[in-house]
Each structure stands twice: as structure tokens, then as C-alpha cells.
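Notes follow the structure.
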Amino acid sequence: MAPLKMEEEMKQKLEDRRISPSADAWQRLNDRLDKNERPKPGAYFWWIGLAAACIVLLMLLKTVPESNHNNTIPVIVDTGEEQAEPTLTVGNDPQPSAGEVEDEVKNRIQVKQEALVESINRSEENKAGKRLLKKDSPASGLAQSMKPREEESDDFVEKNKAIINDYENLPETTIADNTNTDANSQEISNAELDDLLEQARKRLNLEEPLKNQEVRVRAQALLDDVEEDLDRSFRERVFKTLVSGFESVKTVVAERNN
Amino acid sequence: MKVIPLYKNEDQLIKKASRNNREAQRQLYEMFAPRMLSVCRYYIRDVHQAEEVMLNGFLKVFTHIRSFRNEGSFEGWIRRIMVREAISFARRQKKIEFSTDQVENYQQQTVDAVDMEVDEIQLLIDELPEGYKLVFVMYAIEGYKHHEIAETLNISVGTSKSQLFKARRMLQEKIKRINKVRHGTT
């Protein structure tokens, strides 16, 4: 629609019109402008608090990874090696390990067993020596060899008695029935050996808890000390960062106000 | 006497006002307030309410003065803000209704020039229904296009054209009556 002449004239007259505002209009506008410029105290403090929180968070993020790198917590790892731990059992004589004790027991048993078997065999041979002489010619050699030992039979018995006594002196050892024939002697000796070994293990197991207790207590105490030191140092760092963050925020606010 | 071009003075004032210089803001207010109050008066019948709307407009001008990019005249930028404020006020005050009656024939009857004072013209405009008045003022006085009016008032272009036609018809009838009374002719 094309503008009409009437409208053109109306427009021209209205455009030329000026209406003076009231005298206090500027003052009212001035007050509104002042109100607009003044920041709200709540919002101001909120922004300051947010800025401070961001600074502290950034500093914490920066220091925590560094503390993790530098302060490696020592971990006590049980390597499974059977070795003595003299550093943890101060005041006690160093005791042999379970393996060594077991080996020693085995050796003693073996030696004793061999001696016992030998003595038994000799006594048996002495008894059977006469029969063998009649049946087998090779036994003659044996009979001949046994002959001079017959003279020493009393000594052999006495020695056997000593050996038996030694066995009896061993803690919780069981003496096998040595009167069995050769066919059962091997089994008995093995059983006896197993018993002795078992007893030795039990003995060692009884002793170990004592050792472990001492170790646990000492290790735990060490760990507690280390953790205390770590916490202290971490705490100190956190406090330092908080203080420095607060100081920097304070400076920023003071500069802004100036 | 040194003549300082007005536009340079205005630019300097605008720069100072953007830095919240109150004196510069006062000078800009005094430069443009009378014209802007007249603009607000196109839309608002009560001059005191029009003044209040004008002050709200200037508050927005000085708050957002940094967003003025020198792409057009500063006065044109202020004027657009004033028009938006006036329309918002009119919407809050009255429920503006736009007649959806479509006019088939938009042929206008020519009317002779009106020998009327500006106050009489303003009174004629004030008597128009709110919807007619807004569209007529924006199109005929402010120079907005129909699609701009439709976008601002959230109406269709057809409704904008319809409203303008009806406003013109109403004004023409009133002017004819006035001319008949004064001069004995239409």
C-alpha cells in the first residue's frame, strides 16, 4: 500500500513535535542508573567465594599429583623366601629356619636309623648265621664274618640300647618295633621318619606364630609411623596452599576496590 | 569560534557514556529526550506513563550502549528501543486484539490534506482501537514494513495489512467529518 498524502502530512507534523520531559525526570533516571551500577552484595560475595574456591581447587589439583609422585608409600612384600628376619626380632638369638631344622632332623634320623638297622641286621645275622651256614655256601662267608662279631654281641646290644635311648630322648618321637623282619623294616622306618618330620613341623609351627606376632606388631608400628609422617606432610601442604590462595584472593579484592 | 561537528561531539559523548560517565549520559539524554518522549506518546495516551516508558528506554540505552556498533544513526538505535518499550507497555496495560477480518478490497479513498494541529492528529490516533493504532503508527509514522510489524507484534502480514486498512478508513472518515464541520466540505 502506498503511503497516502494524508499520512505523509501527519507524519511530518508528528516528527517535528517535541515534548519536554518533567524536571525531575533526569533525577529519576540518574537514581535508576546508580542502582543498576551498584553490585548486589550477595552476588559480590558469591563471586569472591567462587573465585577463592576455584583457586584452592586448582592448587590442590596441582599439589596432589606431585605428592603422589614424591611420597611413595613403602609396601612390605612377602617374597616367600625362608630367611631369618633379625631386624624385626631384636633381642632374640637368630634361630634356624624351618627348612634347616627339618633337614637336620632328617639327617639325625637317617643316621640313627642306619645305625639301628645295621645293628639289627647284625643281630639277626648272628642268629641266622648258623642256619645259613647249613643251607647256603655263600652264607659261610657270612658266618665267618659273623663269627668274630658274636664275640662282640654284648657290645652291640649295649650300643643299640644307647641308640634307642637317643630316640627316646627326641621330643614326641615314636620308636618303631625293631623286632620286625626285613620285609617290614623299610615301612617302619619310613613311618617313623614321617612321624618325626611331622613332629618337627608341628614344633616349628608352634614357634612361628610367636615370631609372626612380633613381626606384625613391629611392622604395623613402622607403617603407622610412616603414615603419620605422610599425613602430617600432606596436611601441612594443604594448609599452606589454602593460606596462599586466601592471600592472593585478598590482594585481588583489594586491588579491585582501589 | 571553533565549530565542532555534531557527529564528532555525539561520538565522543557515546564513548564517554559507555564508560559510565554520568555527565556524558546526561548530555545525551538532554539531546534526545524530547524527541523520544514524543515517540512514546504516539503509542501511549497518558504523557506521564509515556515519560516513564521513555526513562525505562534510556535506562536500557545506557546499560547496553556498548552494543551500539555505529552501523546506523544513534538516534535510530534509541528510537527502536523506545518503540519496543512502548509496545511492551501497551501489551501489559491492555489486551491488544487484532481483528482477523480480511478485507478484500484495499482501495483507499483519497482525502485532502488535513489542516489540523499535531495535537488533533494525535487525538485522532488515540481514538483508534489499540490494534489499529499500533499498526498505523508503526507503518505510517515510523516507517516499518509489514513483515517487520508482523514480527514485532507477532501477527501475520495479512493481519498487519488488514489492520492498516481499517485504521486508514477510520481516520479518513473522521477527517471528513472534521472538514465538513470546519469548512463545509469533505
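Here is the naming used below: chain letters follow the sequence lines, and residue numbers restart at 1 for every chain. None of these values were measured; they are calculated from a predicted model. The analysis underlying the following values was restricted to heavy atoms, covering all of them including side chains, and did not include hydrogens, waters or symmetry mates.
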Decide yes or no for [X] and [Y]: does some side-chain heavy atom of the first lie under 4.5 Å from some side-chain heavy atom of the second?
X: A/Met10; Y: B/Phe136; result: yes
X: A/Glu7; Y: B/Leu171; result: no
X: A/Leu29; Y: B/Gln25; result: no
X: A/Ile19; Y: B/Pro34; result: no

(message) Check whether A/Lys13 reaches the backbone of B/Met116 with its side chain - one donor and one acceptor, N or O, closer than 3.5 Å.
(response)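 Flag set: sc A/Lys13 to bb B/Met116 pair under 3.5 Å.
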
(request) Against chain A, work out which of B/Leu59, B/Val137, B/Val47 has the most heavy-atom pairs shorter than 4.5 Å and name it. (result)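 Greatest number of close heavy-atom pairs with chain A: B/Leu59.
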
Would you indicate whether [X], at its atom [atom1], is surrounded by more than 12 heavy atoms from other residues, nucleotides or ligands within a distance under 6.0 Å?
X: B/Lys16; atom1: NZ; result: no
X: B/Glu117; atom1: CD; result: no
X: A/Asp16; atom1: CG; result: yes

With a 4.5 angstrom heavy-atom cut-off, could you sort out which part of [X] is near chain A: side chain, backbone, both or neither?
X: B/Tyr42; answer: both
X: B/Met54; answer: side chain
X: B/Glu30; answer: neither

(request) Starting at CG of B/Asp119, measure out to CZ of A/Arg17 and round the result to the nearest 0.5 Å. (result)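 Those atoms lie 7.0 Å apart.
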
(request) List in chain and number order the residues that pass side-chain hydrogen bond (donor to acceptor under 3.5 Å, both in side chains) with A/Ser22, two or more places apart in sequence or in another chain; answer none if no residue qualifies. (result)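 Scan of A/Ser22 (side-chain hydrogen bond (donor to acceptor under 3.5 Å, both in side chains), adjacent residues dropped) gives A/Asp24, A/Arg28, B/Glu51.
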
(request) Provide the full list of ring pair (Phe, Tyr, Trp, His ring centres under 6.0 Å) pairs with a residue in residues 11-35 of chain B, sequence neighbours left out, each pair given once. (result)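 The answer is A/Trp26-B/Tyr29, B/Tyr29-B/Phe58, B/Phe32-B/Phe74.
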
(request) Give, as side chain, backbone, both or neither, the part of A/Gln12 having an atom under 4.5 angstrom from any heavy atom of chain B. (result)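 A/Gln12 has no heavy atom closer than 4.5 Å to chain B.
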
Tell me the closest heavy-atom pair linking [X] and [Y], and the distance in Å.
X: A/Asn36; Y: B/Thr63; answer: ND2-OG1, 3.1 Å
X: B/Ala140; Y: A/Lys11; answer: O-CD, 3.4 Å
X: B/Ile141; Y: A/Glu15; answer: O-OE2, 4.2 Å

(message) Is a donor from one side chain sitting under 3.5 angstrom from an acceptor on the other, for B/Ser38 and A/Arg18?
(response)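 No, because no side-chain N or O of B/Ser38 sits under 3.5 Å from a partner of the opposite role on A/Arg18.
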
(request) Examine the side chains of A/Asn30 and B/Arg26 and answer whether a donor and an acceptor come within less than 3.5 Å of each other. (result)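 No - no donor-acceptor pair under 3.5 Å links their side chains.
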
(request) Apply side-chain contact (heavy atoms from CB on, under 4.5 Å) to the pair B/Val39 and A/Leu14, showing each step before the final yes or no. (result) CA-CA 9 Å; B/Val39 169; A/Leu14 286 169; over 6 Å; no

